[in-house]
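First up is the structure itself, then whatever we jot down about it.
Note that the structure is predicted; figures quoted are calculated from it, not measured.
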Amino acid sequence: MLDIQLLRNDIKSVAARLSSRGFELDTAEFTRLEAERKTIQTLTQELQAKRNASSKQIGIAKSKGEDASAIMAEIAHLGDELKAAETALAALQAPLNALLMSIPNLPHESVAIGKSEEDNVEVSRIGTPRAFDFPVKDHVDLGEKLGLDFETASKIAGARFSLLRGNLAKLHRALAQFMLNTHTDAHQYTEVYVPYLVNAESMRGTGQLPKFEEDLFHVPRTDAEQLYLIPTAEVPVTNMVRGEIVPREQLPLKFVAHTPCFRSEAGAYGRDTRGMIRQHQFDKVELVQLVEPEHSYAALETLTGHAEAILQALGLPYRKMALCTKDMGFSAAKTYDLEVWLPAQNTYREISSCSNFEAFQTRRMQARFRGENGKPELLHSINGSGLAVGRTLVAILENYQQADGSVTIPEVLRPYMGGIDALVPTAS
RNA sequence: GGAGAGGUGGCAGAGUGGUCGAAUGUACCUGACUCGAAAUCAGGCGUAGGUGCAAACCUACCGUGGGUUCAAAUCCCACCCUCUCCGCCA
């Protein structure tokens, strides 16, 4: 959510910055609603003030045993008038608030203006894709004999689910463990274990609601509030500070969580249907930081570096992309995507997305700290995948495959794998 | 699942219809005393919003949402959450 003051004071430049990301702000509508709101709010408050003053007089008169019927007669008509004003005000504030909630974040000034993902800027390219002297297989073909089973998953649940067996499942677990240990030990994040089902308020806090309801899995309950399956650990972790005023000396807050993520992929029919690139359920290790505003862009750089450190330790070639205005998510002010090399697709594919949301999320959730002057100020939130576990597994399979269909296990993962150095295909 | 208790300011805790945005304590800030500190004394100390150049004034908020009333922290209804005991349970 943007600061409404910004819209009141300088809606033209806000609209200009928003149009760079393809969002056309209805400035006429906002200005109209806002002008009406001002009039009606002032009127409402005047009526309330009158009522309060008179009620006080009645109270004083009665406590002295005097007759208050004169004052009471004077404001007898006030009730209906006030009720009408309050109703009118509420009827204005609802659409005003809905409009405000539907406006995406302003892109940071360093973000390239673009029309599509074609305009994203490559910041760096690390590692060299390996030269293969045999025809490369993709992770589906490789996985067939290594324990990757889509048929059974689809029998159990349906399309866009996967099932892992044996050492492949263990490798998946090893990746998550390795990432968690690296972030807690080397990068000083606090590990948290969080709910995978959250309430609507939390979804509003991080920006999934009200606009992206169709992307979420719902869990209706007969005798209780509806819950949602988390699409990313960003939701429960960032909402830890919802409504809190964090003591300044505790900042920055740095959390890491390993959770499954659930996405309906409603708008993705037909895209990435092969393999485990795009699933309804996948695991992710998520990094979240809550920092003072002046440090948030530095924090975005270091957090992105923490995600990169995993790719580097695993020896996976990747590139770092600075997303252009059009390709960024709704809540982000600036985003880096990390894209890992997938030899079978002969391309780089997103494996991590690291964003600075500035105060966009924390304003919605009123997550604050006490600034130098003692006044509460909004925190900035930053998060990023460090990394998506399923896609990392895919990258390992494809980049570390051997001619015989086996897959070498990267050095750093072997301690988590009981010392074995390769996944070996089954005979059949 | 059954029975009960309760949600008030950073914390504790009073307040059952009227000068209550809320006593008191504590924490915190400022000042006085002190060489300094402690103790003591005095003052200050919630959040959001509106009008205004400002000073200031006004409005809302006592778990959430409705309702009754001239007036609600206080009465009524619904919901959410927490705690205790019993039962069940990974």
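- B:rA73 is unpaired under the Watson-Crick or G-U wobble criterion, no partner having all donor-acceptor distances under 3.5 Å.
- Counting to the nearest Å, the C1' atom of B:rG49 and the CD atom of A:Q5 are 9 Å from each other.
- When the P atom is compared between B:rG31 and B:rA38, the two are found 13 Å apart, to the nearest whole Å.
- Between B:rU68, B:rA60, B:rU51, one nucleotide has an atom nearer to the side chain of A:R51 than all others, and that is B:rA60.
- As a whole-Å value, the separation of A:R242 CZ from B:rC81 C1' is 12 Å.
- Using a 30° and 60° split on the angle between ring planes, A:H306 and A:H187 fall in the parallel class, below 30°.
- The partner of B:rC45 cannot be assigned: no Watson-Crick or G-U wobble pair with both contacts below 3.5 Å exists in any strand.
- One P atom belongs to B:rC28, the other to B:rU84, and the distance between them is 31 Å to the nearest Å.
- Toward the 5' end of RNA chain B, the nearer of the two residues A:K50 and A:I75, judged by each one's closest nucleotide, is A:K50.
- Minimum heavy-atom separation, A:L290 to A:S381: CD2-CB, 3.7 Å.
- Pairing of B:rU40, defined by two Watson-Crick or G-U wobble distances under 3.5 Å, is identified with B:rA32.
- Remark: side-chain polar atoms of A:R391 are paired, donor with acceptor, to backbone N or O of A:I277 under 3.5 angstrom.
- As rounded to the nearest Å, B:rU69 and B:rG18 have C1' atoms that lie 12 Å from one another.
- The nucleotide B:rC83 finds its pairing partner in B:rG4, both defining distances of the Watson-Crick or G-U wobble pair being shorter than 3.5 Å.
- Of the P atoms belonging to B:rG13 and B:rC80, the separation is 26 Å, rounded to the nearest Å.
- If you take atom C1' in B:rA14 and the same atom in B:rG52, they sit 38 Å apart, rounded to whole Å.
- One can place CD of A:Q366 at 12 Å from C1' of B:rG49, the figure rounded to the nearest angstrom.
- Looking at heavy-atom distances under 4.0 Å, A:Q93 makes no contact with the nucleic acid at all.
- Here B:rC70 is the nucleotide among B:rG49, B:rU68, B:rC70 with the atom lying nearest to any side-chain atom of A:M72.
- Taking a cutoff of 4.0 Å between a charged side-chain nitrogen and a carboxylate oxygen, A:D149 and A:R165 qualify as a salt bridge.
- Applying the Watson-Crick and G-U wobble criteria (two distances, each under 3.5 Å), B:rG25 pairs with B:rC11.
- Base pairing annotation: B:rA78 forms a Watson-Crick or G-U wobble pair with B:rU64, both donor-acceptor distances under 3.5 Å.
- One interatomic measurement links the two molecules: NZ of A:K56 to C1' of B:rA72, which rounds to 15 Å at whole-angstrom precision.
- Counting heavy atoms from C-beta outward, A:N383 and A:T206 have side chains that stay 4.5 Å or more apart.
- For B:rG46, the OP1/OP2 oxygens have no side-chain nitrogen or oxygen of A:R368 closer than 4.0 Å.
- Nucleotides B:rG17 and B:rA3 have their C1' atoms positioned 32 Å apart, rounded to a whole Å.
- Between the P atoms of B:rC76 and B:rC83, the separation comes to 26 Å (whole Å).
- Residue order along RNA chain B, read from the 5' end via each residue's closest nucleotide, puts A:R37 first among A:E46 and A:R37.
- The side chain of A:N52 places no N or O atom within less than 4.0 Å of a non-bridging phosphate oxygen (OP1 or OP2) of B:rC58.
- Taking the P atom of each, B:rC33 and B:rU47 are spaced 31 Å apart, rounded to whole Å.
- For B:rC53, there is no paired base (Watson-Crick or G-U wobble, both distances below 3.5 Å).
- Across all strands, A:I58 comes closer than 4.0 Å to base atoms (heavy-atom distances).
- Counting non-hydrogen atoms of neighbouring residues, nucleotides and ligands closer than 6.0 angstrom, the NZ atom of A:K170 reaches no more than 12 such neighbours.
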